[in-house]
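Just so you know, residue 1 is the first one in the sequence shown, and it goes up from there. In listed order, ligands and their atoms are each counted from 1.
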Amino acid sequence: MKNEQTKRILNQAVADLSQFSIVIHQTHWYMRGEGFLVYHPKMDEYMDDINERVDVVAERLITIGGSPYSTLEEFKTNTKIKDEPGTFDKSMVERIENLLEGYRYLADLFRQGIDITEEEDDIVSQDIFTSMKADFEKTIWMLSAELGKEPGL
Ligand SMILES: [Fe+2]
């Protein structure tokens with residue numbers, strides 16, 4: 001099939017975005033410390049954003065003849081974003097660093113998506129990856145700025 005790799009990476013994004021939404025939800029619940037009143041609602045914003053994106057990616061995958069992962073088991077088996085049971089003892093800096101790691105991984109995945117869709121000539125899927133990459137890089141900038149660091153992109 002001419003778009004096998006495009007379907008594969010769209011589905012990888014479905015698994016990873018679904019998992020990342022869970023990671024953000026955990027962050028929302030377990031955070032404690034200075035900045036809570038700002039970061040706690042911020043996580044809702046991030047989650048809503050991720051959940052909208054996973055829907056866009058999954059529906060594009062269906063549109064080009066694929067079948068998106070749709071069970072917790074499939075997300076867990078296929079995601080490369082790690083998770084661990086929630087604890088209240090992490091600092092806000094550690095939590096932001098953990099989010100940054102997720103956003104960086106995804107921005108890199110989208111870069112691969114851009115290359116693969118170029119090779120398989122699917123400019124619509126490529127556009128989805130490109131706009132997600134642009135938006136995630138902006139979030140990487142903002143989270144890095146919060147830590148007093150350069151985005152390092
Ligand atoms: Fe909440």
Side-chain angles (χ1 to χ4, degrees), residues 6-64 66-114 116-117 124-153:
T6 297
K7 288 196 279 194
R8 182 190 61 76
I9 198 145
L10 283 168
N11 225 352
Q12 185 63 46
V14 168
D16 289 328
L17 288 165
S18 300
Q19 170 77 350
F20 197 43
S21 177
I22 291 168
V23 168
I24 296 170
H25 216 160
Q26 182 185 68
T27 305
H28 173 78
W29 286 329
Y30 278 85
M31 60 172 48
R32 283 179 179 171
E34 194 177 344
F36 176 89
L37 291 175
V38 174
Y39 296 131
H40 182 72
K42 193 76 189 166
M43 294 307 112
D44 276 332
E45 232 178 83
Y46 285 165
M47 249 189 307
D48 288 348
D49 177 70
I50 299 285
N51 292 339
E52 277 172 34
R53 291 177 195 279
V54 74
D55 191 52
V56 168
V57 173
E59 291 180 0
R60 176 62 189 165
L61 178 55
I62 295 167
T63 302
I64 64 169
S67 308
Y69 301 131
S70 58
T71 67
L72 288 175
E73 187 61 38
E74 286 171 304
F75 300 153
K76 181 179 152 69
T77 305
N78 292 288
T79 186
K80 295 194 174 79
I81 294 178
K82 62 178 169 48
D83 64 2
E84 54 185 43
T87 56
F88 291 104
D89 59 356
K90 290 196 172 66
S91 70
M92 285 298 186
V93 169
E94 286 174 302
R95 294 197 189 280
I96 292 170
E97 281 171 347
N98 189 50
L99 291 180
L100 263 170
E101 199 180 313
Y103 276 108
R104 286 188 197 285
Y105 163 77
L106 285 159
D108 184 61
L109 182 76
F110 301 157
R111 167 79 245 180
Q112 295 170 43
I114 291 164
I116 287 168
T117 50
V124 177
S125 298
Q126 186 174 54
D127 185 60
I128 291 169
F129 281 123
T130 305
S131 64
M132 289 199 297
K133 183 165 167 60
D135 294 343
F136 277 36
E137 286 186 350
K138 189 170 179 178
T139 302
I140 289 167
W141 158 48
M142 290 185 171
L143 288 171
S144 302
E146 180 70 14
L147 297 179
K149 293 179 175 169
E150 291 179 4
L153 290 164

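The ring of Y46 has its center closer than 6.0 angstrom to the ring center of Y103.
For D49 and R53, the salt-bridge test passes: some basic side-chain N is under 4.0 Å from an acidic carboxylate O. Classification of E97 and K90 as a salt-bridged pair fails, no side-chain N sitting under 4.0 Å from a carboxylate O.
Between atom OG1 of residue T27 and atom CE of residue M92 there is a gap of 10.0 Å, rounded to the nearest 0.5 Å. In this structure, the separation between CD on Q19 and OG1 on T77 is 10.5 Å, given to the nearest 0.5 Å.
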*Apply the test side chain to side chain contact (heavy atoms under 4.5 Å, CB included) to residues E45 and K42: give CA-CA distance (whole Å), side-chain angles for both, the deciding distance (0.1 Å), then the verdict.*
CA-CA 5 Å; E45 232 178 83; K42 193 76 189 166; 2.9 Å; yes
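Near-neighbour remark for the Fe ion (ligand 1): protein N, O or S atoms under 2.8 Å are H28 NE2; waters not counted.
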